Every structure is written in structure tokens, then in C-alpha cells.
Amino acid sequence: MLPPIADNFVAGEDAAAAIDQVRACNEDGVAGICNLLGEHYEKRAPADADTRAYVDLIRDLDDAGVDGCVSVKPSQIGLDVGEDAFRENLATIVEAGQTRDRFVWIDMEDHTTTDVTLDAFEHHARETGGDVGVCVQANLERTREDVERLADLPGKVRFVKGAYDEPPAIAHKGGDAVDRAYRELLEYAFREFDDGVAVGSHDPAMISLARDLHDEYGTDYEVQMLMGVRETAQRDLAAEGVRTYQYVPYGDKWFSYFYRRIRERKSNALFALRAVIGR
Ligand code: FAD
């Protein structure tokens, strides 16, 4: 069992807990994106084990009849072992998704992985006719060009600001610069994309921009937010009719993920402290 506070941001240690969280979200009209926590495996065995866990998770989501899909990290399913291992394991997960009609997202890690991740996405986007999605990061300067390439492909693209501290030579630095880049990417995507736009952000300004761009261009969009962050806003968006997803992390490697959530925002840390002292 997870300690209190951690269970605000992480569903639990096993797939059953993640599915329970998705079910609870569904009651409020919010769909789930399950992520088994784990990354940077240097050996094939844990990468293969997590691949099998995703295949089982897809089956279990389907058997449970909940509205949910999965999101995988390339380095969790073999990228640090080698590109072949990553490609083979991703193909296994995408095939399981196809069998059970469940969407598969590919998270984006640091800039050294961008090309191989986008290439893998392109392959599966074409092969499945669009039943996969990939994440792109506004803090990387290259993303504008990447997005022009993605505009012609089937499949979905999740726009985020970017969670990795990238070298200044290739990245927008500072909140304002990243926000500007994010806005420009959304404007481009709503104008040019046919398969919808996924807004992976908690930022009310970006969500309101997405709403305006949807009104202007008619492009479908969805909002994705993390478990434990702005959950009232998630429910409100769903109630307004915006397709809304909660990213639901789970698994025994929860500590570093939880620690990141606490560090990134004072309000999360205060929330944690209040829970500890019982007020
Ligand atoms: P920020 O710039 O962090 O915050 C902007 C505003 O949002 C704040 O001023 C506040 O009003 C509101 N807000 C933000 N956090 C909170 C909070 N805790 N409580 C209340 N209000 C808050 N990054 C990657 O690099 N690769 C990925 O694959 C990836 N996948 C993601 C998937 C999802 C579903 C989400 C939501 C994020 C993902 N990220 C990923 C992380 C992302 O890159 C950002 O680091 C993260 O989302 C923070 O940026 P933000 O857009 O939410 O806004």
C-alpha cells in the first residue's frame, strides 16, 4: 500500500489499483491513461517484463470495461538496451492495443531520444491508421519542424511544455519562452491537424487558448492532466463536454515520480505537509 499523500499522485502498486482509479475517473466523465512507472532499464529482462505488464494491462482494462488506454516510456521498454529491443517491445504493445481496441501513447523522453521515438510513432501510426499517439515538447526548438512532419500522419499528438532540462543550444529557456513556443505549437496544430490535438497541460491559459482555437478552426481536442493535479478542473472540463483524460501512474517504482511532483510545486509540498501533520 502507498503511504498517504503519495496515493494522491500514484494510483497504487499494481494494475488493479490503476484500473480502480480509471473507473473512479470514468464516473466523472474523465477517461484514464495508465502508465506503469519505470524508466532507463539497461537490461533486456526488465524491459521485456514491463512490456508483458502493458500487454496484461491492456487486456485487464478491456475486461474491466473501463474507458482507458496506456502510455509507455521508450527507455522503459528497451531503448537504453538498443533500438531493436525498443521497436520489438513497442510493436508487441501496439499489437495488444489493436487486439483490444485500446489506444497506445508513447511518452517523450530527453532530446537524445526524439528521432527514434518519432520514427517509431510514424511506423505504427501508418500501420494502425492512427491508433497510436506521441508526445512532443514545446521547450525543444526542433519541435516546430517535428510537428510539421506529424501534421501529415494519422494518430494523435500530445503537446506538453517539456519535463527535461535540455541544453540551452537546442532549447527554449525560461517559462515565458516555453509558454510562447507552446502557444505557437497549439496555433499551428489546431490549424493544420486533422486527427485532433491533445493538450497535455494544467495551465488554465493554455486550456483556454485551446478552447478558442477549437472555436476558430473546429479541430477536435482533448485535455490531459496528471492524477492529483487540478482534479476539480478535470471534472469541470469533462462536465462541459471536453474530452478529458487523467494520466494515472502506478507501480512499485512510485517514489521518484512522487518526489518530482512534490518538488515541482510548493502547493503540492504544503499539501503533503498538511496531510502528515493531520490538518
Ligand atoms: P506549468 O507551466 O507547470 O504550470 C502552468 C500553470 O498551470 C500554473 O501557473 C498553474 O496555474 C497550473 N498548474 C500547474 N501545476 C499545478 C498544480 N500542481 N496545481 C495547481 N495548478 C497547477 N513531459 C515530457 O517531457 N514528456 C512526456 O511524455 C510528458 N507527458 C505528460 C503527460 C501529461 C498528461 C501531462 C499533464 C504532462 C506530461 N509531461 C510530459 C509533463 C510536462 O512536460 C510538464 O512538465 C508539466 O505538465 C508541467 O507543465 P504545465 O503545462 O502543466 O504547466
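Atoms within each ligand, like the ligands themselves, are counted from 1 in listed order. These numbers were taken from a predicted model, which means no experiment stands behind them. Numbers here simply count residues along the sequence, with the first being 1.
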Are Arg149 and Leu118 close enough that some pair of their side-chain heavy atoms sits under 4.5 Å apart? yes
Please determine if [X] has a nitrogen or oxygen closer than 3.5 Å to a nitrogen or oxygen of ligand 1.
X: Pro204; value: no
X: Tyr164; value: no
X: Ser201; value: yes
X: Gly200; value: no
X: Arg230; value: no
X: Tyr247; value: no
X: Arg158; value: yes
X: Met108; value: yes

Residue-level breakdown please: for Asp203 versus ligand 1, do any non-hydrogen atoms fall below 4.0 Å on the side chain, on the backbone, on both, or on neither? both
Presence of salt bridge, [Y] and [X], under 4.0 angstrom:
X: Arg211; Y: Glu240; result: yes
X: Asp56; Y: Arg59; result: yes
X: Glu88; Y: Arg44; result: yes
X: Arg87; Y: Glu83; result: yes
X: Lys156; Y: Glu222; result: yes

Under 4.0 Å to a heavy atom of [X] - the qualifying atoms of ligand 1, by number:
X: Leu226; answer: 33 (C), 35 (C), 36 (C)
X: Gln137; answer: 24 (C), 25 (O), 26 (N)
X: Gln224; answer: 34 (C), 36 (C)
X: Lys161; answer: 1 (P), 2 (O), 5 (C), 43 (O), 51 (O), 53 (O)
X: Asp107; answer: 28 (O)
X: Cys135; answer: 26 (N), 27 (C), 28 (O), 29 (C)

Taking only residues two or more places apart in sequence, or in another chain, which ones meet Glu166 in a salt bridge (Lys or Arg N to Asp or Glu O under 4.0 Å)? none
Taking the inter-plane angle between the rings of Tyr221 and His214 on a 0 to 90° scale, is it parallel (under 30°), tilted (30 to 60°) or perpendicular (over 60°)?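 Plane angle between 30° and 60°, so tilted.
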Should Arg144 and Glu141 be marked as a salt bridge (Lys or Arg N to Asp or Glu O under 4.0 Å) after you check the CA-CA gap, both sets of side-chain angles, and the distance that decides it? CA-CA 7 Å; Arg144 175 55 196 257; Glu141 285 177 5; over 6 Å; no
Please tabulate, for side-chain N and O atoms in residues 60-71, each donor-acceptor pair with protein atoms closer than 3.5 Å (sequence neighbours left out).
from, atom 1, to, atom 2, distance (Å)
Asp62, OD1, Arg102, NH2, 3.2
Asp62, OD2, Arg100, NH1, 3.1
Asp63, OD1, Arg100, NH1, 2.8
Asp67, OD1, Arg243, NH2, 3.2
Asp67, OD2, Arg243, NH1, 3.0
Asp67, OD2, Arg243, NH2, 3.3
Ser71, OG, Asp107, OD1, 2.5
Ser71, OG, Arg158, NH2, 3.1

